[in-house]
Amino acid sequence: MHSVGSISSDLTKPYLKVEGGRCLSGSLKVSGAKNSALVLMAASLLTKETIELNNVPELTDIDVMTELLLSTSAEVQRTKNQLIVNTRSLDSETLKLPYKLVHALRASFVCLGPILARIGEVQIPLPGGCRIGSRPVDEHIKGLQALGANVTIEGENVIAKTKSPNKKLVGAKINLDYESVGATETILMAATLADGCTIIKNAAKEPEIQDLANFLNKMGAKIQGAGSSTITIEGVNSLKGCKHQVIPDRIEAGTFLIAAAITRSPLTISPIIPEHLSSVLSKLKECGCVFEQSNDELKIIPSKVIQAVDITTNPFPGFPTDLQAPFMALMSTAEGICKIKETVFEKRMQHVGEFKRMGSKINLCSNTAIVKGVKKLHATSLTGGDLRSSAAMVLVSLVAKGTSIVQGLEHLDRGYEDFEKKLNNIGANILRVNNSDGKKFSFYKKKSEAKHNFSSGSEVA
Ligand code: EPZ
């Protein structure tokens, strides 16, 4: 046990030691979007031909999705940021996806739609709830039922079968009750190989949906309207292989913009697609940040005094829930009082308690936090409970007086490629202290080492 400030912590797990108070300067490179790459990997199950994905971030979530593809007999070649996938040997017998992998990575549930569309039958474990909320999958299931699938839940498994003799799904009009990202992706992928036309109303409009539709269209799908609330899909008989470059990660980019703002340091961040971050940029402008854009580079020049501004999280193009915790870190250092309201997930305020231990003044009532900025935060030992709150803990530690310890790296490593390395390159002083075997922490084990040896309690994405 080790003591930092007044809090003692169990340091048998890997952690980061973050020195507070350093100014940052220079440029940061944004990796490919995790939430796009994961779903594009699932979409590779729609074709017998080879898919080449570039700009794939090196993350533990990508490791798990790779394992899941391997479990379906796919061939996967992986170098640092490239994946070549061929799923020609997908079995036409009932395909059962392994419980531990689906539980280790909630996003793996989006394999349901492509496998069902391709071979007409699949069994996949229910992904269950997670640390940020209960996260039901009813919209995915209703969508597939509307496309003519027989979907039942038996114990912990979802069993889906097409009803028609040719094993194909059938196009339909689907009105989502909630503009769910995952459900839109499931239906979009499934409908590409259905007989006839599908119209999704109240579809999610996130950039990752647009990236998926662009990818599927390259494979030969006929999709129109992705990025708007109505998507039309004309089913085709088969899809072909293609090459695709994953879009830049807007959430990683937003996290870096907030790192600049919280440390009051001008930084240049690229590649950025500004339209993917419009709500975040407008809130940062309200706080007092100035932007200079040139091609895909964005320079942020924060004011020395950051003003408090209210945010409410919402589906795209609203303020992203994934940047709520990092933004709250920034607001802890702002001038004035603001209101931060989480509307997408019911349990995404667990960072509040950690921030308060650093000296943040926050009152939490249900999913609304009232944050009063303070002049000084002090270093302590913090634990991130999910991916984005772990990143927020690092951001707040960058400005706290003293050296903080941040745990919860099993979450951070799921979604940020080389996080501390990128920040160290621009002047931060963050040291990763590894666990006893001296390796970077990861709950992923190579297929040869262990078959699906995952801790089921830690999934988030
Ligand atoms: C995606 O999750 C992202 N994950 C999340 O990223 C992101 O926070 C979220 O979209 C919102 O932007 C991936 O893309 C892998 P939803 P997803 O379906 O698809 C409810 C990160 O940190 N809902 O739009 O699960 C659900 O419970 C993460 O990278 C239903 O009620 O999001 C939630 O309250 C975490 N029924 C809300 O909708 C359903 O069938 C939004 O979920 C589906 C969802």
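One-based numbering, in listed order, for ligands and for the atoms of each.
Rounded to the nearest 0.5 angstrom, N81 CG and N54 CG are separated by 9.0 Å.
The side-chain hydrogen bond (donor to acceptor under 3.5 Å, both in side chains) test with T313 singles out one residue from K341, E342, Q324, and that residue is E342.
Here is the list of ligand 1 atoms found below 4.0 Å of a heavy atom in A107: 15 (C). Listed by atom number, the atoms of ligand 1 under 4.0 Å from V344 heavy atoms are 33 (C), 34 (O), 37 (C), 41 (C). Atoms of ligand 1 lying under 4.0 Å from any heavy atom of T321, numbered from 1 in the order shown and given with element: 8 (O), 11 (C). Interface of L387 with ligand 1, defined as ligand atoms under 4.0 Å from a residue heavy atom, comprises 22 (O), 29 (O). Listed by number with element, the atoms of ligand 1 under 4.0 angstrom from any heavy atom of G182 are 18 (O), 19 (O). Atom numbering of ligand 1 starts at 1 in the shown order; those under 4.0 Å from a heavy atom of V181 are 10 (O), 16 (P), 18 (O), 19 (O), 24 (O). Heavy-atom proximity to E139, at under 4.0 Å, picks out these atoms of ligand 1: 36 (N), 39 (C), 40 (O). Distances below 4.0 Å separate heavy atoms of H140 from the following atoms of ligand 1: 40 (O).
On a distance-only criterion, N35 and ligand 1 share at least one N/O pair closer than 3.5 Å. Looking at ligand 1, you'll find an N or O of S180 within less than 3.5 Å of one of its N or O atoms. Polar contact check, R348 against ligand 1: a nitrogen or oxygen pair lies under 3.5 Å apart. Between K34 and ligand 1, a contact under 3.5 Å exists for at least one N or O pair. The shortest N or O to N or O distance between I132 and ligand 1 is not below 3.5 Å. The shortest N/O to N/O separation between E346 and ligand 1 does not fall below 3.5 Å. At least one N/O-N/O distance between P136 and ligand 1 falls below 3.5 Å.
Looking only at distances, a side-chain donor or acceptor of N424 sits under 3.5 Å from a matching main-chain atom of I430. Distance alone, capped at 3.5 Å, places no donor-acceptor pair between the N55 side chain and the Q245 backbone. Under a 3.5 Å cut-off, the side chain of N202 and the backbone N or O of L176 do form a donor-acceptor pair. Here the side chain of S180 pairs a donor or acceptor atom with the backbone of A183 at under 3.5 angstrom. Panel note: side chain S390, backbone G408; a donor-acceptor pair is recorded below 3.5 Å.
The two atoms that bring L395 and A259 nearest to each other are CD2-CB, 3.6 Å, heavy atoms only.
The aromatic rings of F109 and H140 lie perpendicular to each other, with more than 60° between the two planes, well past the 30° mark.
Evaluated by nearest non-hydrogen atom to atom 41 (C) of ligand 1, the leading choice among Y178, F316, F109 is Y178.
Around the NZ atom of K173, the shell of radius 6.0 Å holds no more than 12 heavy atoms that belong to other residues, nucleotides or ligands.
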